[in-house]
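Take a look at the structure set out below.
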Amino acid sequence: MKLIDTHNHLYLEEFDPQQDELVAIAKESGIDALLLPNVDTTTIGRMHDLSDRYPDFAYPMMGLHPTSVDEHYAENLKTTESWLNKRPYCGIGEIGIDLYWDKTYLKQQKEVFEEQLRWSIDLGLPVAIHTRDAFPEVFDSLYKVGCEKMTGVFHSFTGNEDELEEIKKLTNFKIGINGVITFKNSRLSEIIRQTDIHKIVLETDAPYLAPVPYRGKRNEPVYIWKTAERVAQTYGLTLEETVETTRKNALNLFKIENKPR
């Protein structure tokens, strides 16, 4: 079995100095690709360093995370965009709107999100969307910019049935499932059962959201197998069927096998 982790921040300092060790463990377990969404201008160098060390394993995305949108957003967005013609990326991310922590920069978050959606259309790259307490705002921006012209994934999906139904209307979008599905009080398994597994991709969001039995600890790439097991149970499939199908879903979306290095 070969598994793709579609959302991983292994380049962050939380993993220093164990990145190489964790890559080796991940590969040995059967993971053969990590997709690395950027956070902001401070993480670009670290992300590139990791992907350059493992060019056929770690694939970078470029984007500005909504919680990094502040008074310097215009300058930071310009710096982020400047990288897009310097090297290949497998997606635009991590982008979106987050109103959980702070609503101060909602207007600016929407502006930054919509500009990056336009990048994805211009470059033909999928988007990795972060949305927290902001589904209406995210959908509004997607329809405003033209969701029929783009592809992408709703990373770390934890929405309700109505939000799932709205995503299902977006035929070019997938749903990213991570360790949250293993949490005791999570209804995520029940909710995603209402959509087809061909809509699902697997992710860790490492170092965050470690699955049970590692909940509360630093999430690591290899822990994605616990998420895969729970997704398999959700759909009544074997682990092998689940990994194979979600792998195809990820390849259809990100097309990393065709990326120039």
Side-chain angles (χ1 to χ4, degrees), residues 1-65 67-68 79-80 83-84 86-94 125-126 128 130 153 155-156 176-180 182 201-229 239-240 242-244 246-247 250-251 253-261:
M1 288 185 286
K2 295 181 179 179
L3 187 153
I4 295 175
D5 181 351
T6 61
H7 198 107
N8 189 302
H9 301 283
L10 186 61
Y11 55 83
L12 293 179
E13 60 186 16
E14 283 90 334
F15 293 104
D16 291 348
Q18 295 177 290
Q19 280 96 345
D20 294 330
E21 176 187 349
L22 294 172
V23 165
I25 293 171
K27 287 183 173 181
E28 187 176 349
S29 79
I31 298 168
D32 74 332
L34 302 180
L35 309 191
L36 307 177
N38 186 50
V39 178
D40 55 36
T41 57
T42 70
T43 57
I44 294 173
R46 295 180 65 94
M47 179 183 68
H48 286 158
D49 286 345
L50 182 61
S51 59
D52 287 345
R53 291 208 307 278
Y54 300 99
D56 297 315
F57 180 76
Y59 298 84
M61 303 185 206
M62 183 52 65
L64 181 61
H65 194 286
T67 61
S68 295
T79 298
T80 304
W83 280 97
L84 293 174
K86 295 178 181 178
R87 55 184 295 158
Y89 297 96
C90 69
I92 301 296
E94 177 175 354
L125 291 174
H130 171 111
V153 56
H155 144 66
S156 191
I177 301 298
N178 55 35
V180 172
T182 69
V201 295
L202 303 179
E203 60 171 63
T204 55
D205 200 20
Y208 316 109
L209 301 174
V212 174
Y214 310 105
R215 187 176 183 183
K217 299 180 180 180
R218 180 188 71 178
N219 200 0
E220 299 178 5
V222 73
Y223 296 167
I224 197 171
W225 289 100
K226 293 297 182 183
T227 298
E229 289 171 5
L239 179 60
E240 186 170 7
T242 301
V243 169
E244 181 180 356
T246 56
R247 175 187 178 79
L251 290 175
L253 181 61
F254 290 100
K255 300 178 174 61
I256 56 174
E257 290 185 330
N258 300 322
K259 287 292 176 187
R261 302 300 299 177

Do the side chains of [Y] and [X] get nearer than 4.5 Å, heavy atoms only?
X    : Y    : answer
S156 : H130 : no
N38  : P60  : no
E94  : M62  : no
V153 : F254 : yes

Just by distance, with hydrogens left out, do N178 and T227 show a side-chain donor and acceptor under 3.5 Å apart? no

Can you see which heavy atom on [X] is nearest to which on [Y], and at what distance?
X    : Y    : value
P221 : L34  : CB-CD2, 4.2 Å
L36  : M47  : O-SD, 3.2 Å
T6   : A250 : CG2-CB, 3.7 Å
A228 : T242 : O-CG2, 3.9 Å
S29  : V222 : CB-CG2, 3.6 Å

Which residue in the set L202, I177, L251 passes side chain to side chain contact (heavy atoms under 4.5 Å, CB included) when paired with T246? L202

Look at the aromatic rings of H7 and H155 and report parallel, tilted or perpendicular, splitting at 30° and 60°. parallel

Measuring from [X]:[atom1] to [Y]:[atom2], what's the distance to the nearest 0.5 Å?
X    : Y    : atom1 : atom2 : value
E220 : N8   : CD    : CG    : 10.5 Å
I31  : F57  : CD1   : CZ    : 6.0 Å
T204 : Y223 : OG1   : OH    : 11.5 Å
S51  : L10  : OG    : CG    : 11.0 Å
Y89  : W83  : OH    : CH2   : 6.0 Å
T43  : D49  : OG1   : CG    : 11.5 Å

K2 atom NZ, neighbour heavy-atom count above 12 within 6.0 Å: no

Is it true that atom CD of Q18 has more than 12 heavy atoms of other residues, nucleotides or ligands lying nearer than 6.0 Å? yes

Strictly distance-based, threshold 3.5 Å: is any side-chain N or O of E240 a donor or acceptor partner for the main-chain N or O of M1? no

For P37, does its backbone N or O pair with a side-chain atom of Y11 as donor and acceptor, under 3.5 Å? yes

Sequence neighbours left out, what passes side chain to side chain contact (heavy atoms under 4.5 Å, CB included) with S68? Give chain and number order. V39, D40, L64, H65

Contacts table for residues 205-217: side-chain donor-acceptor under 3.5 angstrom, sequence neighbours left out:
| from | atom 1 | to | atom 2 | distance (Å) |
| --- | --- | --- | --- | --- |
| D205 | OD1 | H9 | NE2 | 3.4 |

Donor-acceptor pairs under 3.5 Å, side chain of residues 20-27 to any protein atom, not counting sequence neighbours: which ones?
| from | atom 1 | to | atom 2 | distance (Å) |
| --- | --- | --- | --- | --- |
| D20 | OD1 | R53 | NE | 3.2 |
| D20 | OD1 | R53 | NH2 | 3.1 |
| D20 | OD1 | Y54 | OH | 2.6 |

